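For ligands, and for the atoms within them, numbers begin at 1 and follow the listed sequence. Keep in mind that what you see is a predicted model, and the values were worked out from it rather than measured.
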Amino acid sequence: MPDTITITDDRTGKTITVPIQGGVFPAAAVRELDPALFIYDPAYMQTAACKSSITYLDGDAGILRYRGYPIEQLAEKSTYLEVAYLLLNGELPTAEQLVKWKHDVTHHTFIHENMRKRFVDGFHYDAHPMGMLVSSIAALGTFYDDAKDITSKESRDKQILRLIAKSPTLAAMCYRFSVGQPFVYPDNNLSFPANFLNMMWKVGDYEIDPRLERAMDVLFILHADHEQNCGTTAMRVVGSSHADPYTSAAAAASALYGPLHGGANEAVVRMLADIGSIENVPAFIEEVKSGSGSRLMGFGHRVYKNFDPRATIIKKTAYDVFEVTGKNPLLDIALKLEETALSDPYFVDRKLYPNVDFYSGLIYQALGFPVAMFTVLFAIPRTVGWLAHWQELLGDKDQKISRPRQWYTGPEPRNYLALGDR
Ligand code: CMC
């Protein structure tokens with residue numbers, strides 16, 4: 001069977017045959033048929049907008065790999081910083097490279113005092129931490145003259161380091177501001193996840209349980225990248241205009257903020273709290289199915305139509321955390337919801353399974369994070385995924401400024417009517 005596709009334009013009889021490689025054929029073929037012919041593909045459901053060698057995802061088989069390494073192995077054996085290096089450089093670091101990488105990240109964790117004193121202090125007292133983070137990421141770029149120098153590899157590497165190292169500092173700062181507590185400076189003697197937990201919770205003596213530190217690191221690994229999701233696409237679209245990486249990452253974070261994307265874990269916990277008790281689960285499921293209520297948050301995925309491998313790891317991590325913190329009382333409702341949905345034809349037929357957000361919120365809550373911080377916790381590790389894609393985009397000769405076309409459905413030409421004639 002030839003690995004080609006043949007398309008005939010029945011209006012003209014013109015035919016073209018083009019190769020199919022990796023399940024993809026070039027849309028340029030359509031241009032060859034007729035430069036004024038476009039493909040209508042809302043939400044890019046059938047469009048591969050780029051080539052990428054970072055993350056592999058097979059939604060039907062429930063497979064997720066970073067640079068070829070299965071997510072299960074990375075979650076069990078690796079650390080977030082090692083994974084960050086892998087995503088950015090394509091290979092796991094050697095012992096020597098890892099020492100240097102850790103040192104470099106650790107020594108970029110501090111942020112300019114004015115970020116806190118002038119910028120963050122200017123927010124309203126009840127500002128949402130994710131809204132604060134989105135604007136803080138963009139504002140951070142204004143502190144670095146060299147941020148716009150995206151053609152220099154040296155400058156790109158520096159900004160990447162800064163964004164990865166400073167994202168936990170910004171996140172913790174937004175939280176501490178929102179609860180009126182003094183800011184805790186980064187502690188360069190701590191690991192990446194421990195430093196973040198310390199900046200979040202330190203009041204007087206604070207000791208981090210190594211099991212919780214590890215759980216935080218695993219959550220960071222699981223959220224580090226997920227190929228061309230909404231936020232990463234925003235990063236690529238804005239980055240394609242050669243905006244600086246801070247501005248592009250702020251756009252990506254804005255996309256992540258939405259409840260259908262990174263905001264879903266917050267929505268899950270609110271939903272579980274609203275359901276209130278196991279007895280109310282059947283009625284809630286009926287309401288979801290009837291379409292009169294909300295969706296079952298934390299269920300379903302655009303790509304995973306079997307199971308989300310991150311959800312399996314997160315469920316196990318949840319139990320590890322609950323051993324230290326005690327069980328989150330919402331867990332029983334979540335388990336009952338999962339059991340009910342997975343045996344209901346509505347969800348089975350539509351291939352709706354728990355996604356990464358279904359259990360992550362319960363862990364975050366057990367760790368003490370308020371729901372408003374959940375998307376922020378997603379944004380910290382996803383920063384490296386955004387940057388890996390940004391770097392790949394800038395080195396890809398096929399890429400240009402993103403500029404899709406449209407199917408115009410508006411009025412035909414008509415003449416302007418004077419105000420009195422309308
Ligand atoms: N609860 C109830 N019904 C659902 C759900 C849900 N969570 N998700 C999809 N459906 C139904 C939907 O109503 C539709 O039914 P019908 O064919 O009868 O109209 C069908 O399933 C297909 O849904 P869709 O909206 O066309 O699917 P999509 O691929 O556009 O949406 C999704 C994917 C993740 C936005 C969606 O499943 C959803 O809204 N889930 C809840 C929010 C959520 O958990 N988001 C986190 C996603 S994972 C984290 C991330 O990567 O950001």
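For the side-chain contact (heavy atoms from CB on, under 4.5 Å) criterion with I71, the lone passing option out of L57, I221, I63 is I221.
K51 and D398 are joined by a salt bridge, as a carboxylate oxygen and a charged side-chain nitrogen come within less than 4.0 angstrom of each other. Using a cutoff of 4.0 Å between basic side-chain nitrogens and carboxylate oxygens, R270 and E266 are scored as salt-bridged.
Residues Y185 and F183 bring their aromatic ring centres within 6.0 Å. Side-chain rings of H108 and H103 stay apart, their centers remaining 6.0 Å or farther from each other.
Within 4.0 Å of ligand 1, contacts by protein heavy atoms are made from L260, H261, G262, A264, V288, R295, L296, M297, G298, F299, G300, H301, R302, Y346, R350, L352, N355, V356, D357.
For residues 263-291, the set of pairs meeting the ring pair (Phe, Tyr, Trp, His ring centres under 6.0 Å) definition, not counting sequence neighbours, is empty.
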